[in-house]
Q: 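Sharing a structure below in structure tokens format, with a few things to ask.
Within every chain, numbering begins at 1; the chains are lettered A, B, ... in the order of the sequence lines, protein sequences first and strands thereafter.
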Amino acid sequence: MSEHVDIDKQVRIYFLVFGALMVGTAATVGAYYLEVSVPVALTIGLFIASVKASLVACFFMHLIDEKKIIYWTLALTVAFFIALMALPLLTSVADQVGEFAEVEAHEPH
Amino acid sequence: MEIPYTVEAHPETGLNNGKIGIWLFLTSEVMLFGALFATFIMLRIGSDGNWAAMQAEAELNIPLATLNTAVLIASSLTMVMAWASLMRGQLGRFKLFGWATVGCGGIFLVIKYFEYTAKFEHHHYPESNTFLAIYFAMTGLHALHVIGGMAWNAYFTGPGSKLFHTNRQWLTDRVEHSGLFWHFVDLVWIFLFPVFYLL
């Protein structure tokens, strides 16, 4: 957070963000009761959660007005986080490729 | 010996040491919870279509979890208001918002206690199924973070607030740093809530 801040303006933003987070929570729960397929529900739920998380990070954690070294540190963290999330998906793909190759090997040519 | 750059910015980073320290700690926390979320994905993918049945068997209480989400969001607001009060030089209001934050943490844990005991009464334990195992692991770890954040905030709002009279900026920075941790705990719950209860 930079040293010179208009604290009254900041407080107004905090209350707006609080309202948006509450609306986001209501929307998340509301989406649960929509009769949609699992992939669509996952997409909606994780999209709303990501928007809420961005609001918390940008305004409550002051990331919208932070020094470059913090941004670089977080960029590195995000890169490792994405790699971590990709691991189970890659494992799943590798399993399916392995099963496919096994079926191919046992089929008569 | 005086520790340098506790309040003034380090010339290399433009930040005081506390700010750098808390962000580095939070990056390690991202990887800790990231590993558990990756585990969650693996378990869900590998459940051979049984995930929904295990989730239904767990009978998670959506209204209570929604209330807990609202409580944590409210605690994030009181946390930033505690910091803003210090920026304005209002010690009394800082203490009010600081204790409100600790109180919200307490309410969250009480609700979590009711949720957990309801599970145990129905003989739903971590060993019952894969869903409950990862549910208790992740929400339990999150609850430990809430306890840690409450202890940290209680110290600065209570005995640690004496620093206001000798070095107000240092106290303001420390509260901002404890707030960063508290908001991170809120941020983790923002993902835990839909992932376990709704999806």
Q: At their closest point, which heavy atom of B:Val30 faces which heavy atom of A:Phe81, and how far apart are they?
A: CG1-CD1, 3.7 Å
Q: Using ring centroids (six-membered ring only for Trp), state whether B:Phe136 and B:Phe120 fall under 6.0 Å.
A: yes
Q: Below 4.5 Å from any heavy atom of chain B, which atoms of A:Phe59 appear? Answer side chain, backbone, both or neither.
A: neither
Q: Taking the side chain from B:Thr157 and the backbone from B:Ala154, do they hold a donor-acceptor pair closer than 3.5 Å?
A: no
Q: Can you tell me which portion of A:Ile13 sits under 4.5 Å from chain B's heavy atoms? Options are side chain, backbone, both or neither.
A: neither
Q: Tell me, side chain or backbone of B:Tyr197 under 4.5 Å from chain A's heavy atoms, or both, or neither?
A: backbone
Q: Which of the residues B:Ser76, B:Ser28, B:Ala65 is involved in the greatest number of heavy-atom pairs with chain A at under 4.5 angstrom?
A: B:Ser76
Q: I'd like to know if the side chain of A:Lys52 reaches the main chain of A:Met22, judged simply by a donor and an acceptor atom lying under 3.5 Å from each other, with no hydrogens or angles considered.
A: no
Q: So which of B:Ile62, B:Ile20, B:Leu26 has the biggest tally of heavy-atom pairs under 4.5 Å with chain A?
A: B:Ile62
Q: So, B:His142 side chain and B:Met138 main chain: donor-acceptor pair closer than 3.5 Å or not?
A: no
Q: Measure distances from B:Thr13 to the heavy atoms of chain A and classify the residue's part below 4.5 Å as side chain, backbone, both or neither.
A: both
Q: With only heavy atoms counted, which part of B:Val195 is less than 4.5 Å from chain A, the side chain, the backbone, both or neither?
A: side chain
Q: Heavy-atom pairs under 4.5 Å with chain B are the metric here; pick the option from A:Ala57, A:Ala31, A:Ser50, A:Gly45 that has the most.
A: A:Ser50
Q: Just by modelled atom types, is the B:Glu57 backbone N or O under 3.5 Å from a matching donor or acceptor in the B:His124 side chain?
A: yes
Q: Taking the side chain from B:Asp173 and the backbone from B:Lys19, do they hold a donor-acceptor pair closer than 3.5 Å?
A: no
Q: Kindly say whether B:Leu77 contributes a backbone atom to a donor-acceptor pair with the side chain of A:Tyr14 at under 3.5 angstrom?
A: no
Q: Would you mind checking which part of B:Ala35 comes under 4.5 Å of any heavy atom in chain A, side chain (CB onward), backbone (N, CA, C, O), both or neither?
A: both
Q: Hey, which of B:Val188, B:Asp186, B:Ile73 has the most heavy atom pairs under 4.5 Å with chain A?
A: B:Ile73
Q: Which residue out of A:Phe60, A:Tyr33, A:Tyr32 racks up the most heavy-atom pairs below 4.5 Å with chain B?
A: A:Phe60
Q: Heavy-atom distance under 4.5 Å between the side chains of B:Phe164 and B:Leu91, does that happen here?
A: yes
Q: Highest number of heavy-atom pairs under 4.5 Å with chain B: which of A:Asp8, A:Val17, A:Leu87?
A: A:Asp8
Q: Grouping I, L, V, M, F, W and Y whenever their side-chain heavy atoms are under 4.5 Å apart, do A:Leu16 and B:Phe97 come out in a common cluster?
A: no
Q: Whether the side chain of B:Tyr5 engages the backbone of B:Gly18 through a donor-acceptor N/O pair (distance < 3.5 Å, no angle test) should be reported.
A: no
Q: Heavy-atom distances under 4.5 Å only: say whether A:Ile69 touches chain B with side chain, backbone, both or neither.
A: side chain
Q: Taking atom CZ of A:Phe47 as the centre, does the number of heavy atoms from other residues, nucleotides or ligands within less than 6.0 Å exceed 12?
A: no
Q: Using a heavy-atom distance cut-off of less than 4.5 Å, which residues of residues 38-56 of chain B contact chain A?
A: B:Ala38, B:Ile41, B:Met42, B:Arg44, B:Ile45
Q: Can you get from B:Tyr155 to B:Leu180 by hopping between Ile, Leu, Val, Met, Phe, Trp and Tyr side chains that sit under 4.5 Å apart?
A: yes
Q: Which one, A:Leu76, A:Leu74, A:Leu46, A:Ile48, leads in non-hydrogen pairs under 4.5 Å with chain B?
A: A:Leu74
